[in-house]
Amino acid sequence: MPAVVVRNEAGDRFDALAERIEAIAVETLPLVEAVTGLPLPDPVVIRTMTVRNWTREHRRSTKRLLLSETEQLSPSFRDMRAAALLRKGRLKTHRKLWPAIGGQAVLFEPGQPELVFLPEALRHGDRLEDTPFLNKALAHEQTHLAQYVASDGAAWAAQDTFYPALRGVAGLAYGLLHEGHAYWADQQITTKIFGEPVTTDEASPHASARFLKVFASPQRLAAGELYRRAVDNVARIINAEGLDAFNAVWTTPDLVPTAGEAADGLATWPARFAGPGVTA
């Protein structure tokens, strides 16, 4: 079983949180591998960070990726302008939505996927002492790490690229694939631990006004509806075709849902997994 390494970079007052995260991660790790049928990286690295440092790391890592892709792909000026705007939009989204981002799977350094938890965001959401929530969050984010390993990083690269057309992944809904699968997995895992799935459909009555504003934002609500449809269809595929058949998606881009299928509620996506020849 992979080791778990937790680094508290958010200050001494969050030492207890880091210890709780480590204990829960050790418990959920084997369940993630069993439920998804996918391995996790060794070690599983988890960091608690301040929002300021988390924001800085996103600026730094996205700048590095943008420069690297621009050098590698030799895009046109129009492509470079679109890529710069895409990066700007992602950073703006982080600045706006961070109070609702308690945990996140990130690639701040090439080839080193890890998890980050923001204690300040957990405080806004009243989740610092919420053990079921932390179980759900760790199961969910560790599933993203398993997706990285299963695709040798390709699935993350396809989602993160600033040049989707030049990468040949334009029109592929990798975000829905990743989140639908991770939410499906965290439901299975928290059911095994607590007897029923842990949900975050309702905000804590003690959440801050800032959190509640983000929680009720049209952007978050629209994403939540899409993710629910993705979860339902991931479950349909796995129930009908089996886990191995579904996991072929991590190495077979032709199985990734398309933007057109997403616009249609993903209802036709499962059909692409049916029949012979689909193997993990």
Side-chain angles (χ1 to χ4, degrees), residues 1-51 53-54 57-58 61 98 100-109 111-151 153 155-156 178-200 204 227 231 243 247 250:
M1 187 175 76
V4 174
V5 176
V6 178
R7 299 169 181 155
N8 178 22
E9 301 171 11
D12 293 347
R13 67 188 184 281
F14 295 117
D15 283 344
L17 172 65
E19 292 174 1
R20 191 178 309 118
I21 286 173
E22 181 173 5
I24 294 172
V26 169
E27 179 182 9
T28 55
L29 186 154
L31 294 175
V32 170
E33 292 190 322
V35 164
T36 66
L38 302 173
L40 283 161
D42 189 8
V44 170
V45 177
I46 307 171
R47 299 160 65 187
T48 61
M49 299 182 72
T50 65
V51 174
N53 287 344
W54 172 80
E57 284 298 295
H58 270 296
S61 60
W98 72 259
I101 303 176
Q104 186 181 46
V106 298
L107 196 66
F108 287 153
E109 297 296 337
Q112 299 179 32
E114 58 186 343
L115 304 185
V116 169
F117 280 81
L118 302 178
E120 184 65 11
L122 293 173
R123 185 186 66 79
H124 275 282
D126 189 38
R127 301 299 191 184
L128 281 169
E129 306 290 336
D130 190 335
T131 296
F133 172 86
L134 292 175
N135 274 267
K136 175 184 176 67
L138 279 157
H140 186 100
E141 301 306 334
Q142 286 180 106
T143 298
H144 286 314
L145 296 183
Q147 296 164 356
Y148 180 96
V149 174
S151 68
W156 279 30
H178 290 157
E179 294 302 328
H181 178 239
Y183 278 114
W184 170 83
D186 77 47
Q187 289 177 4
Q188 309 303 308
I189 292 162
T190 55
T191 296
K192 290 179 180 295
I193 297 172
F194 299 105
E196 60 183 7
V198 174
T199 70
T200 52
S204 166
Y227 294 158
V231 171
L243 196 56
N247 282 338
W250 307 116

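Here the structure is a predicted model, which is why all the values come from computation and not from measurement. Heavy-atom basis, side chains included; hydrogens, waters and symmetry copies ignored.
With a 4.5 Å cut-off on side-chain heavy atoms, Glu109 and Glu114 do not count as touching. For the pair Leu134/Leu17, a side-chain contact is recorded, criterion being any heavy-atom separation below 4.5 Å from C-beta on. You'll find the side chain of Glu27 reaches within 4.5 Å of the side chain of Asn135, heavy atoms only. Here the side chains of Arg47 and Phe117 are not in contact, with every heavy-atom distance at 4.5 Å or above. No side-chain heavy atom of Gln188 sits under 4.5 Å from any side-chain heavy atom of Leu31. Side-chain contact between Val44 and Val5 is absent, with no heavy atoms from C-beta onward closer than 4.5 Å. No side-chain heavy atom of Ile46 sits less than 4.5 Å from a side-chain heavy atom of Glu22.
Atom-to-atom distance recorded for Thr199:OG1 and Lys136:NZ is 7.0 Å, nearest 0.5 angstrom. Separation of atoms CG (Leu138) and CZ (Arg20) is listed at 11.5 Å; rounding is to 0.5 Å. Thr131 OG1 to Phe133 CZ: the interatomic distance, rounded to the nearest 0.5 Å, is 11.5 Å. Separating the CZ atom in Arg127 from the OG1 atom in Thr200 is a distance of 7.0 Å, to the nearest 0.5 Å. Interatomic distance, Asp130 CG to Leu122 CG, rounded to the nearest 0.5 Å: 9.5 Å. Here the straight-line distance linking atom CZ of Phe14 with atom CG of Leu118 works out to 10.5 Å at 0.5 Å rounding.
Between the side chains of Thr48 and Asn8, a donor-acceptor pair is found at a separation under 3.5 Å. Checking Thr28 against Gln142 by side-chain atom types alone, a donor-acceptor pair falls below 3.5 Å.
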Please lay out, stage by stage, how Trp54 and Gln104 fare under the test side-chain hydrogen bond (donor to acceptor under 3.5 Å, both in side chains).
CA-CA 10 Å; Trp54 172 80; Gln104 186 181 46; 2.8 Å; yes
Go through the steps to decide whether Leu40 and Val32 satisfy the test side-chain contact (heavy atoms from CB on, under 4.5 Å), and finish with yes or no.
CA-CA 8 Å; Leu40 283 161; Val32 170; 4.1 Å; yes
Would you please test Glu141 and Leu145 for side-chain contact (heavy atoms from CB on, under 4.5 Å) and show each step?
CA-CA 7 Å; Glu141 301 306 334; Leu145 296 183; over 6 Å; no
Would you sort out whether Val45 and Leu115 count as a side-chain contact (heavy atoms from CB on, under 4.5 Å), showing the intermediate values?
CA-CA 6 Å; Val45 177; Leu115 304 185; over 6 Å; no
The test is side-chain contact (heavy atoms from CB on, under 4.5 Å); show your working for Tyr148 and Leu107 and say whether it passes.
CA-CA 10 Å; Tyr148 180 96; Leu107 196 66; 4.0 Å; yes
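Formation of a donor-acceptor pair under 3.5 Å by the Gln187 side chain with backbone atoms of Val198 is not found in this model. Distance alone, capped at 3.5 Å, places no donor-acceptor pair between the Glu196 side chain and the Thr191 backbone. Between the side chain of Asn53 and the backbone N or O of Met49, no donor-acceptor pair lies under 3.5 Å.
The shortest heavy-atom contact between Ser204 and Gly125 is CB-O, 3.6 Å. Across all non-hydrogen atoms, the minimal contact from Leu38 to Ala146 is CB-CB, 3.9 Å. Asp42 and Pro2 make their closest contact through OD1-CA, 3.4 Å (heavy atoms, listed as atom of the first residue, atom of the second, distance). The shortest heavy-atom contact between Ala185 and Thr36 is CB-CG2, 4.0 Å. Of all heavy-atom pairs between Ala10 and Pro119, the closest is CB-CG, 3.7 Å. When all heavy atoms are compared, the tightest approach of Glu9 to Thr50 is O-CG2, 4.2 Å.
His181 and Trp250 have their aromatic ring centers within a separation under 6.0 angstrom. Annotation: Trp156 is not in aromatic contact with His144 [ring centroid separation under 6.0 Å not met].
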